[in-house]
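Below, each value reflects all heavy atoms present in this structure, side chains not excepted, and no hydrogens, waters or symmetry copies.
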Amino acid sequence: MKTPIYILGIESSCDDTSASVICDAKVLSNVVANQEVHAKYGGVVPELASRAHQQNIVPVVQQALKQAKINKEQLSGIAFTKGPGLMGSLLVGTSFAKSLAIGLNVPLLAVNHMQAHILAHFINEEDSKTPPFPFICLTISGGHTQIVKVSNYFEMEILGETIDDAVGEAFDKSAKILGLPYPGGPLIDKYAQLGNPKAFAFTKPKVGDLDFSFSGLKTGILYFIQKQQKINPNFITENLNDICASIQYTIVEILMEKLKNAVKKTGVKHIAIAGGVSANSEIRKRLALAQKHFGWTTYIPKFEYTTDNAAMIAITGYLKFLNNEYSNTNVTAKARLKVTE
Ligand code: KG4
Ligand code: ZN
């Protein structure tokens with residue numbers, strides 16, 4: 001075994017091409033190429049995503065190695081996202097990682113993207129604190145909304161999940177109704193900062209105590225906007241900040257309510273959040289308050305490790321490397337993969 005251990009992580013599950021080099025658990029580089037091409041379509045176009053990954057992957061990996069100031073021969077292993085995600089996108093990273101691992105004669109480490117969002121909490125940063133086991137993780141992204149009990153690095157149990165849309169979709173689809181470009185989540189967050197969260201009330205869904213549902217909320221928002229526009233065609237532009245603040249408030253209320261249920265059910269008070277939506281300023285604020293009000297200890301990832309990134313793939317690969325959990329070169333990408341697989 002080479003010491004120190006350098007792992008290259010490659011992420012290509014959706015619309016971001018990313019590569020990262022970590023040394024032991026410290027991030028040396030984390031390069032993310034966003035694909036602007038999807039914005040005008042209001043969502044990710046799978047065919048365009050896989051082509052963009054193919055264009056980006058070589059320069060992104062080269063950049064990650066350059067920023068880390070190492071050459072590829074120093075790498076101890078190659079980690080890549082096996083799934084879940086868009087098949088065409090996953091295939092680009094999978095094939096690239098396999099070729100590189102074979103070329104360098106180093107272990108190949110297949111990573112579950114959903115586990116990686118959670119395990120990003122184990123990246124060693126100067127001011128970061130690592131959750132102890134067991135902890136509860138609220139994984140909120142564009143494709144998933146889950147409450148997971150994490151008993152060890154690779155021992156996870158889904159306590160609840162969405163029965164329809166993911167929370168990121170709720171943000172993005174609401175933004176689309178308001179005429180905002182994709183991905184709309186960060187824009188709702190931005191406008192919400194200037195608005196009144198109690199300006200408009202939206203009905204919260206009624207589902208099992210740890211499950212989520214967001215499709216009804218989206219329809220409720222659509223009908224509300226259509227009704228208001230009949231009265232005032234400029235309703236959106238005149239009330240954008242208040243509408244965004246009210247939508248964000250409703251969504252975060254739903255998330256907080258479910259977390260409280262999870263704490264009640266499990267007795268676990270170490271609470272982490274992960275996934276793209278954990279970049280949201282309101283959920284971050286509310287969790288900070290929960291530390292004071294409910295005695296929880298909360299773990300909020302650094303902003304750059306919330307949305308899709310390869311550092312989270314590299315840290316997960318590193319943990320697998322330490323366990324000798326290497327993959328065969330016949331490993332295949334999987335569009336559907338549970339966090340427990
Ligand atoms: O984890 P991620 O990068 O990709 C998936 O694996 O899905 O999550 C992307 C999602 C998008 O829906 C995006 O709108 C949302 O995260 N998002 C946000 C914020 N930043 C990203 N949603 C609300 N507020 C934000 N600040
Ligand atoms: Zn993700």
Inset, instruction - Please name the residue in the list Thr340, Asn323, Asn112 that meets the side-chain contact (heavy atoms from CB on, under 4.5 Å) test with Phe154. - result: Asn323
Legend entry - Reference residue Ser29; test side-chain contact (heavy atoms from CB on, under 4.5 Å); the match among Gln63, Lys69, Gln67: Gln67
With rounding to the nearest 0.5 angstrom, report the [atom1] to [atom2] distance, [X] to [Y].
X      : Y      : atom1 : atom2 : result
Ser213 : Lys206 : OG    : NZ    : 11.5 Å
Ile221 : Leu178 : CD1   : CG    : 8.0 Å
His113 : Thr316 : NE2   : OG1   : 10.0 Å
Ile22  : Ile315 : CD1   : CD1   : 4.0 Å

Inset, instruction - Inspect the surroundings of NZ in Lys129 and state if more than 12 heavy atoms from other residues, nucleotides or ligands are less than 6.0 Å away. - result: yes
Inset, instruction - Could you tell me whether Asn105 atom CG has more than 12 heavy atoms of other residues or ligands within 6.0 Å of it? - result: no
Inset, instruction - Before accepting this row, confirm whether a basic side-chain N of the pair Glu257/Lys204 lies closer than 4.0 Å to the acidic partner's carboxylate O. - result: yes
Legend entry - Arg286/Glu253 ion pair, N-O < 4.0 Å: yes
Between [X] and [Y], do the side chains contain an N or O donor and an N or O acceptor separated by less than 3.5 Å?
X      : Y      : value
Asp189 : Ser281 : yes
Thr145 : Glu161 : no
Gln248 : Tyr191 : no
Thr298 : Gln291 : yes
Asn34  : Asp16  : yes

Listed pairs under 3.5 Å, donor-acceptor, residues 263-274 side chains, sequence neighbours left out:
{"unit_1": "Thr266", "atom_1": "OG1", "unit_2": "Ala262", "atom_2": "O", "d": "2.7"}
{"unit_1": "Thr266", "atom_1": "OG1", "unit_2": "Val268", "atom_2": "N", "d": "3.1"}
{"unit_1": "His270", "atom_1": "ND1", "unit_2": "Tyr299", "atom_2": "OH", "d": "2.8"}

Legend entry - Ile5 backbone acceptor or donor facing Asp24 side chain under 3.5 Å: yes
Legend entry - Aromatic contact, Phe224 with Phe200 (centres under 6.0 Å): yes
Inset, instruction - Verify whether the ring centers belonging to Phe122 and Phe133 lie closer than 6.0 Å. - result: yes
Legend entry - Option from Asp308, Thr139, Asn309 for which side chain to side chain donor-acceptor pair (under 3.5 Å) with His117 holds: Asp308
Within the 4.5 Å heavy-atom criterion, are [X] and [Y] side-chain neighbours or not?
X      : Y      : result
Cys23  : Pro4   : yes
Phe212 : Leu255 : yes
Val32  : Thr307 : no
Val207 : Phe214 : no
Leu109 : Phe80  : no
Pro84  : His144 : yes

Inset, instruction - Determine, stepwise, if the pair Tyr249 / Phe202 fulfils ring-ring contact (aromatic ring centres under 6.0 Å, His included). - result: CA-CA 10 Å; Tyr249 176 77; Phe202 299 109; over 10 Å; no
Legend entry - Intermediate values then yes/no, salt bridge (charged side-chain N to carboxylate O under 4.0 Å, His left out), Lys285 and Glu282: CA-CA 5 Å; Lys285 227 182 281 167; Glu282 183 66 16; 3.8 Å; yes
